[in-house]
Q: 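Have a look at this one.
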Amino acid sequence: MHDIKAIREDRDAFVRGLKRRGLSEAETLADGLLAQDKALRELLTRLQSGQARRNDASKLIGQAKQKKDEAQAKALMDEVAGLKDAIQQGEAEQRDLEQKLRDALAVIPNIPGADVPDGANEAANVAVVSRAFGKPPGLNNPKQHFEIGEALGQMDFERAAKVSGARFVYLKGDLAKLERAIASFMLDTHTQQFGYTEVSPPVLVKSTAMFGTGQLPKFQDDLFRIGDDDPFWLVPTAEVPLTNYVADEILGEAELPLRMTAFTPCFRAEAGAAGKDTRGMIRMHQFSKVELVSITTPEQSQAEHERITDAAQEILKKLDLAHRVVTLCTGDMGFSAEKTYDIEVWLPGQNAYREISSCSNCGAFQARRMNTRYRNAEGKVQGPVHTLNGSGLAVGRTLVAILENYQEADGSVAVPSVLQSYMGGKTKIAKV
RNA sequence: GGACAGGUGGCCGAGUGGUUUAAGGCAGCGGUCUUGAAAACCGCCGUGGGUGAAAGCUCACCGUGAGUUCGAAUCUCACCCUGUCCGCCA
């Protein structure tokens with residue numbers, strides 16, 4: 001959510017930012033907002049002088065009545081009665097204008113950071129060369145993960161389709177255990193090495209929480225919803241409950257940065273993804289993910305963005321999985337992000353790098369929607385905090401990457417050394 | 001799901017239609033006193049908005065929303081949340 005005051009003070013910067021995002025009618029949009037803002041402020045000035053007079057007169061009426069001066073009281077009451085309609089109408093108009101302005105602001109995406117490359121789509125994303133890691137392994141005729149999993153008899157899409165439909169999967173035996181091992185390994189790394197606090201959050205949330213992180217009102221079609229009025233929503237990522245943890249709060253500067261990590265299932269309707277990644281478990285309605293969220297001061301957020309990306313990459317490094325990092329261009333970034341790094345892992349079966357993590361600095365954008373601020377050391381309330389989130393990592397896709405990168409010619413899969421202790425010492429997953 | 005009781009500033013807590021400008025206390029900050037500290041005493045101490053160069057003036061906010069009234073923390077209605085008990089339950 002944007003600050004209308006900031007738009008008022010620098011309309012052109014706002015317009016430039018939205019244009020970089022690809023919004024061609026940014027000028028019209030900005031001028032519309034400013035016109036609404038102006039109308040609202042003019043109304044407030046008018047309305048408040050009426051309210052001030054009413055308050056004064058009402059006080060005088062009280063005093064007159066105490067002095068038993070009924071004539072004086074009557075005269076004042078008559079005067080205020082004349083103001084009443086105008087005030088009530090003005091208050092209704094104020095509510096209406098504020099609501100309209102808020103609704104208009106709620107669907108405008110965040111402004112890209114100054115160092116974000118311009119571009120219309122993922123073709124314009126820019127590699128972060130210094131963050132690249134490892135080389136694709138030389139494998140002969142590598143299989144795709146679902147071929148491996150199905151041959152092991154431990155990955156079942158058919159029965160999942162019978163029970164739940166497309167884009168669901170059953171994992172069994174060692175593969176089910178591997179998912180749990182991956183998650184434990186990730187959580188342990190983030191808590192022990194990077195100081196994140198492990199959290200087990202709700203995965204059903206209210207509309208206000210979805211608004212806070214920016215999924216609502218615009219992206220309702222991507223979400224699963226439960227109930228008609230005052231619904232619950234299934235979280236598409238633990239970013240939602242972790243970030244909204246601080247909603248409507250004023251935090252002390254001393255407690256920042258606040259770092260939280262959670263392992264949760266994630267639910268996505270995948271509307272509009274028809275035909276994409278239909279085989280295998282790359283794109284599911286339900287998948288599990290370890291998420292990282294940081295709440296910081298504005299001064300800290302850029303450094304924290306690098307740090308959160310480090311934490312996510314550390315997992316892939318320990319698993320010895322080749323990957324690269326790209327800075328998303330203005331046209332490829334999510335709604336709430338100011339700057340985003342995507343981490344892409346090498347998948348031999350697909351002969352391609354595929355996204356496994358997305359680390360974003362949302363600046364003050366979500367904090368404004370959530371009404372989360374902080375207090376400095378002197379106790380003075382400052383502006384909104386900054387919020388960041390990153391996948392650390394998508395567990396399903398990590399399992400896919402392990403299957404494809406650690407596959408053996410005989411159809412078995414080696415267990416990466418850092419996971420062996422989580423797998424009861426097992427070094428290999430084979431058909432039973 | 002049902003019954004009852006509640007929701008007031010950072011915290012506790014008074015306040016059932018009009019000098020409420022939300023009492024009082026705790027915590028915090030500044031000061032007096034003191035060699036220093038404690039105690040005592042004095043002062044300050046919510047958020048957001050409008051207007052203004054500023055000082056200031058002003059509006060809104062007592063769980064949320066709507067309403068009654070000249071005037072609402074206080075009355076009415078709806079909803080949300082918390083606690084206790086009952087029911088159900090991993």
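Because only heavy atoms are used, hydrogens play no part in the values below, and waters and symmetry mates are left out as well, while side chains stay in. In the text below, chain A, chain B and the rest are named by the order of the sequence lines, each starting its count at 1.
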Q: Could you state the atom-to-atom distance from CD of Gln94(A) to C1' of U58(B) in whole Å?
A: 14 Å

Q: What is the distance, rounded to the nearest whole Å, between atom CG of Asp96(A) and atom C1' of A66(B)?
A: 15 Å

Q: For the C1' atoms, the ones on G17(B) and on G30(B), what distance do you get once it is rounded to whole angstrom?
A: 40 Å

Q: Can a donor-acceptor pair be found between the side chains of Ser301(A) and Asn361(A) at a distance below 3.5 Å?
A: yes

Q: With a cut-off of 6.0 Å (strictly less than), are more than 12 heavy atoms of other residues, nucleotides or ligands near CZ of Phe168(A)?
A: yes

Q: Look at all strands and tell whether Leu76(A) reaches a base, only sugar-phosphate, or nothing, counting heavy atoms closer than 4.0 Å.
A: nothing

Q: Of Ala52(A) and Gly62(A), whose closest RNA chain B nucleotide lies nearer the 5' terminus?
A: Gly62(A)

Q: Quantified in whole Å, what is the P atom distance between nucleotide C44(B) and nucleotide G25(B)?
A: 13 Å

Q: Quickly work out the Asp85(A) CG to G67(B) P distance and round it to whole Å.
A: 13 Å

Q: For nucleotides A55(B) and C45(B), find the distance between their P atoms and express it as a whole number of Å.
A: 16 Å

Q: Give a yes or no on whether a salt bridge exists between Glu27(A) and Lys19(A), defined as a side-chain N under 4.0 angstrom from a carboxylate O.
A: yes

Q: Using the P atom as the reference point in each nucleotide, state the distance between C41(B) and C26(B) in Å, no decimals.
A: 9 Å

Q: Across the strands shown, which category fits Glu42(A) at heavy-atom distances under 4.0 angstrom: base, sugar-phosphate, nothing?
A: nothing

Q: Nearest heavy atom decides the nucleotide; on that basis, is Lys5(A) or Val80(A) closer to the 5' end of RNA chain B?
A: Lys5(A)

Q: Nearest to the side chain of Arg41(A), heavy atoms from C-beta on, is which of U51(B), G18(B), A60(B)?
A: U51(B)

Q: Select base, sugar-phosphate, or nothing to describe what Arg8(A) touches, counting heavy atoms under 4.0 Å on all strands.
A: sugar-phosphate

Q: What is the distance from CD of Glu91(A) to P of U68(B), rounded to the nearest Å?
A: 11 Å

Q: In whole angstrom, give me the gap between the P atoms of G13(B) and U19(B).
A: 25 Å

Q: Using atom C1' in both nucleotides, what's the gap between U16(B) and U74(B) to the nearest angstrom?
A: 5 Å

Q: Is G1(B) paired to anything, Watson-Crick or G-U wobble with both distances less than 3.5 Å, and if yes, which nucleotide?
A: C86(B)

Q: Considering only atom C1', compute the distance from G6(B) to A90(B) and round it to an integer number of Å.
A: 30 Å

Q: Once you apply a heavy-atom cut-off of 4.0 Å, does Asn55(A) come out as touching a base, just sugar-phosphate, or nothing?
A: sugar-phosphate

Q: Once you apply a heavy-atom cut-off of 4.0 Å, does Arg373(A) come out as touching a base, just sugar-phosphate, or nothing?
A: sugar-phosphate

Q: Separation of Gln88(A) atom CD from U68(B) atom C1', in whole Å?
A: 9 Å

Q: Measure from the side-chain N and O atoms of Arg21(A) to the backbone N and O of Pro109(A), and report whether any donor-acceptor pair falls under 3.5 Å.
A: no

Q: Closest approach to the side chain of Ser58(A), judged atom by atom: which nucleotide of G50(B), G18(B), G48(B) is it?
A: G18(B)

Q: From the set U47(B), G50(B), A60(B), return the single nucleotide nearest to any side-chain atom of Leu44(A).
A: G50(B)

Q: Only pairs with both distances under 3.5 Å count, Watson-Crick or wobble alike; so what is the partner of G28(B) in this structure?
A: C44(B)

Q: What is the distance, to the nearest angstrom, from the CG atom on Asp56(A) to the P atom on U58(B)?
A: 8 Å

Q: Check whether Phe224(A) forms a cation-pi arrangement with Arg268(A) (NZ or CZ under 6.0 Å from the six-membered ring centre, at most 45° off the ring normal).
A: no

Q: Rounded to whole angstrom units, what separation is found between the CD atom of Gln48(A) and the P atom of G48(B)?
A: 16 Å

Q: Let's test this: given Watson-Crick or G-U wobble pairing with both distances under 3.5 Å, identify the partner of C81(B).
A: G6(B)

Q: Identify whether any heavy atom of Arg95(A) sits under 4.0 Å from a base atom; if not, whether one sits that close to sugar-phosphate; answer base, sugar-phosphate or nothing.
A: sugar-phosphate

Q: If A22(B) has a Watson-Crick or G-U wobble mate with both distances under 3.5 Å, name it; if not, just say none.
A: none

Q: Looking only at the side chains, is there a donor atom on one of Asp103(A) and Gln99(A) sitting less than 3.5 Å from an acceptor on the other?
A: yes

Q: OP1, OP2 of U19(B) versus side-chain N and O of Lys59(A): anything below 4.0 Å?
A: no

Q: Check whether any side-chain heavy atom of Phe14(A) lies under 4.5 Å from a side-chain heavy atom of His2(A), and answer yes or no.
A: yes

Q: Could you give the CZ-to-C1' distance, from Arg54(A) to C59(B), as a whole number of Å?
A: 10 Å

Q: Determine the Euclidean distance between corresponding C1' atoms of G15(B) and C75(B); express it in Å to zero decimal places.
A: 15 Å

